[in-house]
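Notes follow once the structure below has been shown.
No hydrogens, no waters, no symmetry mates; every other heavy atom, side chains included, goes into these values. Note that the numbering runs from 1 along the sequence shown for the chain. Start at 1 and go down the list; that is how both ligands and their atoms are numbered.
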Amino acid sequence: MPTLSLKSRSGLRFIWLEETASTNDYLRLHSKEMQDPITLALAEYQTKGRGATGAWQSERGANLLFSLLTHPTTVEAKDIFLLSQMACLSVCRGLETLSKGFTIKWPNDIYWRDGKVVGILIENELQGRRVADCVVGIGVNVNQRSFGKELPNPTSLAIIEGRELDRTLVLEAIVEEFSSLYTALCEGDHEGIREGYLKRLYRRGERHAFCDSRGEFMATLETVEPTGHIVLRDDEGRWRRYAFKEVQHII
Ligand code: BTN
């Protein structure tokens with residue numbers, strides 16, 4: 001019996017799973033037979049939940065673990081970072097309808113102050129120069145209050161708000177924004193999505209510590225390019241441009 005449901009929305013198929021290895025893997029496995037504009041698979045527990053750098057751990061039934069499958073064939077491979085920006089922006093805007101102070105930490109985490117509330121894992125399948133399938137995996141820490149020591153800066157909506165939250169409300173708020181931004185993306189509103197992402201960027205325009213393969217340094221986060229590269233200006237006035245995983249914030 002599903003413990004969570006979603007009001008039916010045109011063009012959105014909802015799949016509830018008591019347990020699965022990973023909702024991203026589930027949708028990737030079934031992507032060819034799922035051709036609705038948006039298919040959402042949600043699990044109460046994942047036995048092999050994946051994050052960008054390792055496993056994604058989550059207490060059973062406490063949080064939101066879901067993935068959204070789309071087929072953004074109008075998006076060209078060179079614009080693939082737009083899908084990350086759209087996903088981050090929709091989660092951030094969804095959470096903003098419930099509370100304030102969320103930001104997007106490059107490339108695709110959602111933060112509240114210096115704590116990570118949401119992790120996003122995006123996996124695309126290209127067909128020639130176009131994106132045939134895009135799976136956006138979203139893990140929202142909703143009602144979990146204690147986390148493993150190995151996790152970087154975790155927090156949850158319950159810790160932020162000081163009360164337990166209704167997971168359905170959080171899910172609906174995010175999915176609402178995702179549906180409308182996905183339509184905007186397909187209609188070509190690339191600039192609106194890029195602007196919304198940059199406007200919410202964690203520590204943008206501020207001087208902070210970073211770390212690259214050569215060690216720690218202080219720099220100001222200037223921008224994120226449409227390609228997804230982050231652009232920093234260090235204390236010597238040098239511009240530094242990095243791809244995903246080449247540099248990290250020190251928090
Ligand atoms: C990160 O490392 O920050 C990304 C975490 C993404 C976790 C979500 S939970 C739902 C979906 N299924 C997965 O296996 N991973 C994503």
Side-chain angles (χ1 to χ4, degrees), residues 2-4 6 12-31 34 38-70 81 83-92 94-95 102-112 114-125 133-144 147-157 167-168 170-171 173-175 178 197 200-202 224 228 230 243-249 251:
T3 50
L4 255 169
L6 200 63
L12 192 138
R13 177 172 170 199
F14 181 74
I15 300 164
W16 181 87
L17 305 159
E18 173 88 54
E19 183 174 307
T20 191
S22 151
T23 52
N24 268 37
D25 293 349
Y26 179 91
L27 288 180
R28 288 174 71 196
L29 192 67
H30 298 286
S31 62
M34 293 179 175
I38 304 177
T39 303
L40 191 163
L42 179 143
E44 292 297 337
Y45 187 71
Q46 297 183 129
T47 53
K48 286 192 182 145
R50 293 185 289 111
T53 52
W56 182 260
Q57 315 276 7
S58 174
E59 267 173 33
R60 187 182 291 270
N63 299 315
L64 287 170
L65 304 168
F66 64 101
S67 302
L68 295 144
L69 168 69
T70 57
F81 187 63
L83 296 166
S84 285
Q85 292 181 300
M86 187 268 296
C88 291
L89 185 55
S90 53
V91 174
C92 206
L95 295 180
F102 297 98
T103 55
I104 300 170
K105 178 170 160 283
W106 177 83
N108 47 20
D109 289 333
I110 305 300
Y111 265 51
W112 189 82
D114 291 327
K116 176 165 169 169
V117 195
V118 183
I120 301 176
L121 178 68
I122 303 179
E123 297 177 298
N124 297 306
E125 194 175 309
D133 307 318
C134 169
V135 175
V136 175
I138 302 175
V140 188
N141 296 331
V142 182
N143 288 322
Q144 187 165 334
F147 296 89
K149 298 228 178 321
E150 69 287 358
L151 292 176
N153 326 308
T155 190
S156 68
L157 297 177
R167 289 183 304 148
T168 305
V170 180
L171 179 67
I174 293 172
V175 170
F178 186 92
Y197 178 95
R200 290 167 176 79
L201 199 57
Y202 175 72
V224 173
I230 192 168
F244 182 36
K245 291 188 180 164
E246 289 179 350
V247 70
Q248 283 181 330
H249 282 278
I251 298 167

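No donor-acceptor pair under 3.5 Å is formed between the side chain of Thr23 and the backbone N or O of Ala43.
Taking Tyr202 as the reference, Tyr111, His249 meet the ring-ring contact (aromatic ring centres under 6.0 Å, His included) condition, with sequence neighbours excluded. Partners of Phe14 by ring-ring contact (aromatic ring centres under 6.0 Å, His included), not counting sequence neighbours: none found. In terms of the ring-ring contact (aromatic ring centres under 6.0 Å, His included) criterion, Phe178 has no residue partners (sequence neighbours excluded).
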Tabulated below should be the N or O atoms of ligand 1 paired with protein N or O atoms at under 3.5 Å; can you produce that?
| residue | atom | partner | partner atom | Å |
| --- | --- | --- | --- | --- |
| ligand 1 | 2 (O) | Ala52 | N | 2.7 |
| ligand 1 | 3 (O) | Lys116 | NZ | 2.6 |
| ligand 1 | 12 (N) | Thr23 | OG1 | 3.2 |
| ligand 1 | 12 (N) | Gln46 | OE1 | 2.8 |
| ligand 1 | 14 (O) | Ser22 | OG | 2.8 |
| ligand 1 | 14 (O) | Arg50 | N | 2.7 |
| ligand 1 | 15 (N) | Arg50 | O | 2.7 |

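Few gaps surround CD on Glu246; more than 12 heavy atoms of other groups in view lie less than 6.0 Å from it.
At a threshold of 4.0 Å, the pair Glu19-Arg60 counts as salt-bridged, since one of the basic side-chain nitrogens sits closer than that to a carboxylate oxygen.
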